[in-house]
Every structure is written in C-alpha cells, then in structure tokens.
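These notes are about the structure you will find just below.
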2 protein chains.
Amino acid sequence: MPTVSSEELAAAAGVNSAKLRKDFSYLGSYGTRGVGYDVEYLVYQISRELGLTQDWPVVIVGIGNLGAALANYGGFASRGFRVAALIDADPAMAGKPVAGIPVQHTDDLEKIIQDNGVSIGVIATPAGAAQPVCDRLVAAGVTSILNFAPTVLTVPDGVDVRKVDLSIELQILAFHEQRKAGEDHGGTVPPAAAHQEPGEQGPDGDVPAVMPA
Amino acid sequence: MPTVSSEELAAAAGVNSAKLRKDFSYLGSYGTRGVGYDVEYLVYQISRELGLTQDWPVVIVGIGNLGAALANYGGFASRGFRVAALIDADPAMAGKPVAGIPVQHTDDLEKIIQDNGVSIGVIATPAGAAQPVCDRLVAAGVTSILNFAPTVLTVPDGVDVRKVDLSIELQILAFHEQRKAGEDHGGTVPPAAAHQEPGEQGPDGDVPAVMPA
DNA sequence: ATGTCTTTGTGAACGCGTGCACAAAGATGG
DNA sequence: CCATCTTTGTGCACGCGTTCACAAAGACAT
C-alpha cells in the first residue's frame with residue numbers, strides 16, 4: 001500500500017507539516033500513525049470533499065476567442081467539468097462546431113440550462129452583454145457564475161459570482177517587477193504631482209483595494 | 001477639491017475603515033484630518049505604488065484562441081500594459097495581424113525581447129512548448145512570466161512566475177455549489193473555506209491549500 | 001508479548017493582522 | 001483667537017490562524 005507522510009507532503013508543497021495534518025483532520029482521520037496516509041484513499045477523500053468526483057455540467061456563453069479557448073481547455077474534463085453547451089448571440093455561429101461541440105443560439109439558453117440540469121455558467125461575452133446574460137442564466141436556474149467579462153455582475157442572494165480579471169495577474173507581476181528595479185517608495189511626496197496627472201483613469205478607474213501578495 | 005473619507009471608501013469596499021487608513025498610511029500621509037483624502041491625488045499615489053503609471057511592454061507567446069483573446073483584451077492598455085509583440089511558432093501565422101498587431105515568428109523571440117526592452121512575458125502556448133519558450137524568454141532577459149499553459153515552469157532565482165489555471169475558479173464554484181446542496185458527508189471543513197463573502201467577486205477567495213494532481 | 005520506533009492528531013503557546021478607541025491635526029465658525 | 005467639529009494616523013488589545021511539542025496509536029522486530 002503506497003503511503004505518504006505529512007512530512008513528505010509538507011516538504012513537497014512547501015508548507016508546515018502540522019498545518020497539513022490539522023487541515024486533513026478536518027476531513028476526518030484518514031492517516032495511520034507510524035505509517036502515514038494511504039495515497040489513493042487520501043486523493044479520493046480530498047477529491048470528494050472538493051467536489052471533483054461529481055460531474056458538473058457547465059455552459060459557456062459567448063464563443064469569441066476566450067470562449068473558444070475555454071471550450072478547448074483540456075483541464076476542465078479532467079477536473080470533473082463537462083461542457084454541456086456553447087452559446088452565442090451571433091446567428092452565424094449557430095451550428096458551427098467549436099472544440100467538437102456545436103454552438104447554439106442564445107434564444108435557446110433557458111431550455112439548454114434546464115435540459116442539462118446546469119448549475120454553473122461561464123460568461124465570456126463582451127462587457128455589455130454580460131449582465132443580461134447573467135440575469136437569464138440565473139432565472140433559468142444557474143446558481144454559480146464564472147465571469148470573464150470586465151463588469152461587476154449584480155446577482156440575487158444565493159448566487160455565487162467569481163470574476164476573473166486577466167489583467168490582475170499582470171499587475172501583480174508588474175508590481176514585483178517595479179520593486180526589483182529598486183524603486184524608492186519612501187515617504188517623500190512629489191509636490192503637486194496630482195495636478196500633473198489629470199486624466200489617467202479609464203472608464204473603470206477602479207484600483208485594487210488590497211495590495212497583491 | 002473632491003475628497004473622500006476613509007469611512008466612505010471602507011463602506012464602498014466593504015472593509016474596515018481603520019484598516020483602510022492604516023494601509024494608506026504605509027504609502028505615506030496623504031490625507032487631511034477633518035477633510036479626508038484628495039481623490040485625484042490618492043488615485044495617483046496608489047497607481048504609482050502599484051506600478052500602474054509605468055509603461056510595461058509585454059510579449060504574448062502562443063497566439064491560439066487564448067493568446068488572441070489576451071491580445072484583444074482591452075483591460076491591458078488601460079492598466080499600463082502595452083502589447084509589444086505577438087509571437088507564434090506557426091510560420092503560417094507570421095505577418096497575420098491579430099488585434100492589429102502582426103504576429104512574429106518564434107525565431108525572432110530574443111531580438112524582439114531585447115529591442116523592446118521587455119521584462120514581462122505571457123505564455124499561452126500548449127503545455128509542451130511552455131518550458132522551452134520560458135527558457136528562451138528568461139535567457140533573453142525576461143524576469144516576470146505569466147503562464148497560462150497547464151505546466152509548472154522551472155525558472156532560475158530572481159524570475160517571477162505566476163500560473164493561471166482557468167479551471168481553478170470553476171473548482172471553487174463547484175466546491176461552493178456542492179455545499180449549497182446541503183450534502184452531509186460526515187466531515188467538517190475549516191470555517192475559512194465554508195463561505196464566500198457576498199459581493200466579493202475575485203480570485204482572492206478561499207481555496208483549500210492542497211489539490212490532488 | 002513486550003519494547004522500540006515512527007507518525008498521527010491535537011492541546012497549547014505564539015505571532016500577526018485586524019479592529020477599537022483616542023489623541024493629534026486641521027478645518028470652520030463665532 | 002478660541003471653541004468646536006471632523007477625520008486622520010496610530011498605540012494597544014483582542015482574536016484567529018499557524019506552529020510547536022507531545023501523548024497516543026499503531027507498525028514492526030525480537
């Protein structure tokens with residue numbers, strides 16, 4: 001029986017072994033003292049806890065470059081996700097196969113959701129279309145939404161939304177890059193600096209509230 | 001002079017006002033007691049600290065669906081990023097414009113990096129190509145890499161890598177979705193993972209630290 | 001069986017980040 | 001010029017998560 005100790009796992013993951021054991025203990029007592037954890041059993045238990053053993057049908061709405069990239073992404077299937085349908089507002093896309101799945105028109109959104117028992121939707125539309133699409137998804141029974149559109153979605157209570165902003169990761173890299181350069185970030189305030197930069201803010205001038213780690 | 005108080009900002013962001021003030025204080029004393037913070041000045045100072053006022057030339061390697069989606073993503077330009085070049089290994093892509101930028105061949109990678117003074121690279125290639133591309137980027141002087149390929153990259157010290165796994169966000173949604181179903185499987189989970197603050201839409205949510213491969 | 005050895009599971013201490021509460025600073029009005 | 005009011009900046013205390021350290025549990029050898 002192949003096993004691993006918490007010490008080995010902790011070293012591999014770069015975390016503290018006691019924390020790892022305590023985390024595992026929340027899932028139950030799956031280890032054997034003096035031996036460690038049965039690898040296969042542990043993987044199954046964690047997978048189950050995380051919901052990876054279930055089959056999650058998802059729909060992707062907005063089959064542009066990003067939607068197509070997501071449809072082709074191999075990581076989904078191996079993580080328990082099944083692309084139940086691709087949906088786009090462009091009639092010219094209808095029937096066209098992307099990643100082997102025929103694109104369907106937005107008109108049929110509600111029926112597609114209900115027929116497939118979909119509870120997770122991915123929005124990869126342009127910003128303007130995101131909220132209406134979101135509303136229709138929710139009305140059709142979707143309770144979790146992954147939003148790639150650059151908009152903050154408004155949803156009723158009980159619906160989860162996660163927003164993916166592809167530029168945030170770049171910002172974090174740039175932040176560290178800036179520090180590598182040895183930029184001084186001291187307390188000296190450039191006089192009247194604010195008045196030298198009148199514009200600078202785009203349509204969404206929102207700044208991350210928290211410093212990247 | 002338009003101003004905001006820490007109280008207003010905290011309410012808008014859903015955080016504690018004292019924490020917000022303390023965070024700001026690390027950047028310097030930019031507020032006026034009895035008045036608040038000069039909006040324009042504050043935006044500038046935060047932008048500067050985060051590196052948003054600098055111009056960061058980036059290259060995107062691998063112009064498939066995802067690379068094209070990134071090239072077309074409007075959020076980059078408004079955050080201080082400039083797509084200096086698109087690079088692909090397919091000779092048929094060479095010269096073809098994507099998002100108004102002609103795709104260049106991988107052969108010229110080193111020259112492109114050096115000519116444009118690029119220090120940030122984005123990898124959107126298939127998994128197999130990612131590490132070789134990464135090595136060439138690093139050798140050419142890139143010190144920050146954003147990796148969309150489903151591979152863990154090995155880099156020398158001093159080089160930052162951030163890996164974006166598009167399925168992780170879906171996993172988090174599925175995790176919460178599973179809990180909504182009210183399933184009882186005998187185990188408990190640390191409170192941090194148990195719920196997501198409503199209104200929070202981002203990748204800063206809570207995920208269990210250990211994922212099965 | 002009995003003892004030794006390994007590793008888990010967890011109580012307790014520690015450290016750090018968060019939030020409270022208030023003095024200091026500046027605005028504003030009399 | 002003084003009084004009052006608002007809001008910042010921050011010392012301090014509290015709470016929570018991380019880490020330490022060890023008893024308990026089981027494997028394994030003799």
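First the proteins, then the strands, lettered A, B, ... as listed; each starts at 1. As the structure is a prediction and not an experimental result, all values here were calculated from the model.
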* Report yes if a side-chain nitrogen or oxygen of Lys19(A) is closer than 4.0 Å to either non-bridging phosphate oxygen (OP1 or OP2) of dT19(D); otherwise report no. =>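 Indeed not, no polar side-chain atom of Lys19(A) lies that close.
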* Asked: For Tyr37(A) and dG9(C), is the shortest distance between a side-chain N/O and OP1 or OP2 below 4.0 Å?
  -> yes
* To do: Kindly say whether, by distance alone, the side chain of Arg33(A) makes a donor-acceptor pair under 3.5 Å with the base of dT8(C)?
  =>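 Answer yes: a donor N or O sits under 3.5 Å from an acceptor.
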* Return yes if the base of dG11(D) and the side-chain atoms of Lys22(B) contain a donor-acceptor N/O pair under 3.5 Å, otherwise no. =>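 Indeed there is one.
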* Under 4.0 Å between any heavy atoms, over every strand shown, what does Ser29(A) touch: base, sugar-phosphate, or nothing? Just pick one. => sugar-phosphate
* Which is true for Ser6(A) with a 4.0 Å heavy-atom rule: it touches a base, it touches only sugar-phosphate, or it touches nothing? ->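 Result for Ser6(A) = sugar-phosphate.
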* From the list dG9(D), dT19(D), dT7(C), which nucleotide is the closest neighbour of the side chain of Asn16(A)? ->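 That would be dT19(D).
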* Asked: Would the Tyr30(A) and Tyr41(A) ring centres measure less than 6.0 Å apart?
  -> yes
Between [atom2] on [N] and [atom1] on [X], what's the gap in Å once rounded to a whole number?
X        : N       : atom1 : atom2 : answer
Glu7(A)  : dT8(C)  : CD    : P     : 8 Å
Tyr30(B) : dT7(D)  : OH    : C1'   : 19 Å
Leu20(A) : dT10(C) : CG    : C1'   : 15 Å
Asp23(B) : dC16(C) : CG    : P     : 17 Å
Arg21(A) : dT18(D) : CZ    : P     : 15 Å

* In this structure, are over 12 heavy atoms from other groups packed under 6.0 Å from Glu110(B) atom CD? ->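 Check passes, neighbour count above 12.
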* Asked: Taking the nucleotide of DNA chain D with the closest heavy atom to each, which residue, Ser5(B) or Ala18(A), is nearer the 5' end?
  ->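 Result: Ser5(B).
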* Asked: Under 3.5 Å, side chain of Lys180(B) to main-chain N/O of Gly158(A), donor-acceptor pair present?
  -> yes
* Asked: With the threshold set at 4.0 Å, does a side-chain nitrogen-carboxylate oxygen contact exist between Arg179(A) and Glu49(B)?
  -> yes
